[in-house]
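Notes to accompany the following structure.
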Amino acid sequence: MKPKVTKELIFSYFMGNVSAMQRQMIAQWVREKANEEQLYVWLEEFEALHPEYEADLENAVRKYYTFLADLTETTGSDTRETAKENFQRKVNRNFWLKWGVAAGVALLLGATAFFNSDTWQFKTYSTQIGERKDFLLPDGSAVTLSTNSVLKIPRRGFGQESRDVYLTGEAFFDVTHAPDNQRFVVKTAKQFEVEVLGTEFNVVARETGSRVILRKGKVQLHLQSGTDNRQMALKPGDVFTLDSKNNTSLKTTTLSEIREAWQGHLYLFDKTSLAEIMNQLRQDQGIRVTFADPELRDHTLSGKFTAESLDELFELIQGLLDIQIIRQGNSVTISRPFR
């Protein structure tokens, strides 16, 4: 029967109390991506139970590289792997106490990959195309992550040092109020941040544009354009939009429309080109679009539209723009109507 890697064994590894055979077994186990994530989960739990094992990753990795460099100079580059094995055997409890358990994790995953790894710094929540999931963050805030979206939070200090999250895609947030009024900030790559103290709101941050819809409470937007920074406060019902050309708009909507937006049934367009609309649907729904007539790409649409399905939305667009949309699975062809 194949030995099983357990939390107790991993804790022993963090303390430097495992045999060479156990270390090798753990190294094999952690090569699977799901197991790597489990390793980080157990690492967080271990550090909470054993604060004396400080995870000083930078110094641990630097010490490891210095050891390899010094040994290579005296013995030659062909012994680098041997040097690594010798270093692992020398790692003991005192080393872990001084340099932190991060040194052991770095040895498992490869020092360079681990040091630069996004996985080490952030816990990631994600959805596939057509998928929606609910998550509960460590501070008690609830998040509904929409289709094809990614949310990242710091593994360490979230809820204590800060409550910054990083969004690509779309998410609805129900933010828990912190006793010390600590702010909750949604950071995006779209030149804006959303700062709140306790509220319910929806954020979209995609290549095709961004949107913030506030249902309850208060949020402060921080917008950046080059060296220019400005702030904008939203009240319930406000809809802020930032398009792909960095044009902004602020409108109001009803609570029923906000609910439709959360469910993915409300579409808001403001002189939005057909090409942009289809690009947005490509990111949200995974469709592939072909324009039989390239001039149709520049046709624009404005207004609020509710559609229960993609086919219903296409039917609305066809009637409004007098075009033909033919869908076969995920392939969509747009042309002028047949007369």
Side-chain angles (χ1 to χ4, degrees), residues 37 40-58 100-102 117-127 133-146 149-205 210-224 228-240 242 248 250 255 258 261-262:
E37 176 61 31
Y40 288 119
V41 172
W42 285 339
L43 175 58
E44 292 177 37
E45 185 177 342
F46 177 84
E47 288 178 330
L49 294 172
H50 303 277
E52 69 273 18
Y53 289 82
E54 180 184 2
D56 191 348
L57 173 62
E58 185 174 356
V101 296
S117 174
D118 210 37
T119 310
W120 159 256
Q121 301 178 56
F122 299 101
K123 180 176 178 59
T124 300
Y125 306 89
S126 63
T127 55
K133 286 185 179 179
D134 295 325
F135 300 99
L136 187 65
L137 302 185
D139 69 333
S141 297
V143 179
T144 298
L145 205 57
S146 189
S149 301
V150 176
L151 182 73
K152 295 182 178 182
I153 68 171
R155 286 188 178 277
R156 288 159 179 75
F158 184 82
Q160 293 84 43
E161 300 174 8
S162 70
R163 291 202 293 171
D164 293 354
V165 303
Y166 303 81
L167 175 66
T168 301
E170 180 176 1
F172 168 71
F173 295 87
D174 183 355
V175 178
T176 295
H177 180 77
D180 59 354
N181 292 326
Q182 185 182 58
R183 65 180 195 158
F184 187 103
V185 179
V186 181
K187 296 178 176 288
T188 77
K190 302 299 293 182
Q191 299 182 314
F192 78 96
E193 297 180 356
V194 184
E195 177 185 346
V196 303
L197 293 177
T199 191
E200 296 178 3
F201 61 102
N202 182 268
V203 179
V204 179
S210 303
R211 184 175 69 238
V212 179
I213 304 177
L214 179 62
R215 179 183 183 274
K216 184 171 66 176
K218 180 180 179 181
V219 302
Q220 186 88 3
L221 300 183
H222 299 269
L223 310 174
Q224 182 176 350
D228 182 34
N229 293 283
R230 60 192 178 100
Q231 297 182 353
M232 180 185 300
L234 300 188
K235 61 181 183 295
D238 281 349
V239 180
F240 166 82
L242 175 69
T248 63
L250 183 63
L255 291 180
I258 292 175
W262 295 346

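On a predicted model such as this, the values are computed, not experimentally measured, just so you know. Throughout, residue positions are numbered sequentially from 1 according to the sequence presented.
- Val175 places a side-chain heavy atom less than 4.5 Å from the side chain of Arg163.
- Summarising the geometry of Ser210 relative to Ala205, their closest heavy-atom pair is OG-CA, 3.7 Å, with the distance given to 0.1 Å.
- For the pair Leu234/Phe201, no side-chain contact is recorded, criterion being any heavy-atom separation below 4.5 Å from C-beta on.
- Contact annotation: the side chain of Val194 never approaches that of Phe240 to less than 4.5 Å [non-hydrogen atoms, C-beta and beyond].
- No donor-acceptor distance shorter than 3.5 angstrom exists from the side chain of Glu170 to the backbone of Ser149, with no hydrogens or angles considered.
- Contact between His222 and Gln220 at its shortest, heavy atoms only, is CD2-O, 3.7 Å.
- In this structure, Asp164 and Lys187 approach most closely via the heavy-atom pair OD2-CE, 3.3 Å.
- To the nearest 0.5 Å, the span separating CG on Leu137 from CZ on Phe135 amounts to 9.5 Å.
- Rounded to the nearest 0.5 Å, atoms CG (Leu151) and NZ (Lys123) are 11.0 Å apart.
- Taking OG1 from Thr124 and OH from Tyr166, the interatomic distance works out to 12.0 Å, rounded to the nearest 0.5 Å.
- In this structure, Leu214 and Lys235 approach most closely via the heavy-atom pair CD2-C, 3.4 Å.
- In this structure, OG1 in Thr248 is found 4.5 Å from CZ in Arg230, a value given to the nearest 0.5 Å.
- Leu136 approaches Tyr125 most closely through the heavy-atom pair O-OH, 4.4 Å.
- Qualifying ring-ring contact (aromatic ring centres under 6.0 Å, His included) partners for Phe158, counting only residues two or more places apart in sequence or in other chains: none.
- Considering CG of Asp139 and CD1 of Ile153, their distance stands at 8.0 Å, rounded to 0.5 Å.
- Among residues two or more places apart in sequence or in another chain, the side chain to side chain contact (heavy atoms under 4.5 Å, CB included) test is passed with Thr176 by Ser141.
- Residues Val212 and Leu242 form no side-chain contact, since every pair of their non-hydrogen atoms from C-beta on lies 4.5 Å or further apart.
- Residue Asp174 holds its CG atom at 8.5 Å from OG1 of Thr144, rounded to the nearest 0.5 Å.
- Taking each heavy atom of Lys133 and Ser126 in turn, the nearest pair found is CD-O, 4.0 Å.
- Side-chain contact between Val150 and Phe122 is absent, with no heavy-atom pair separated by less than 4.5 Å.
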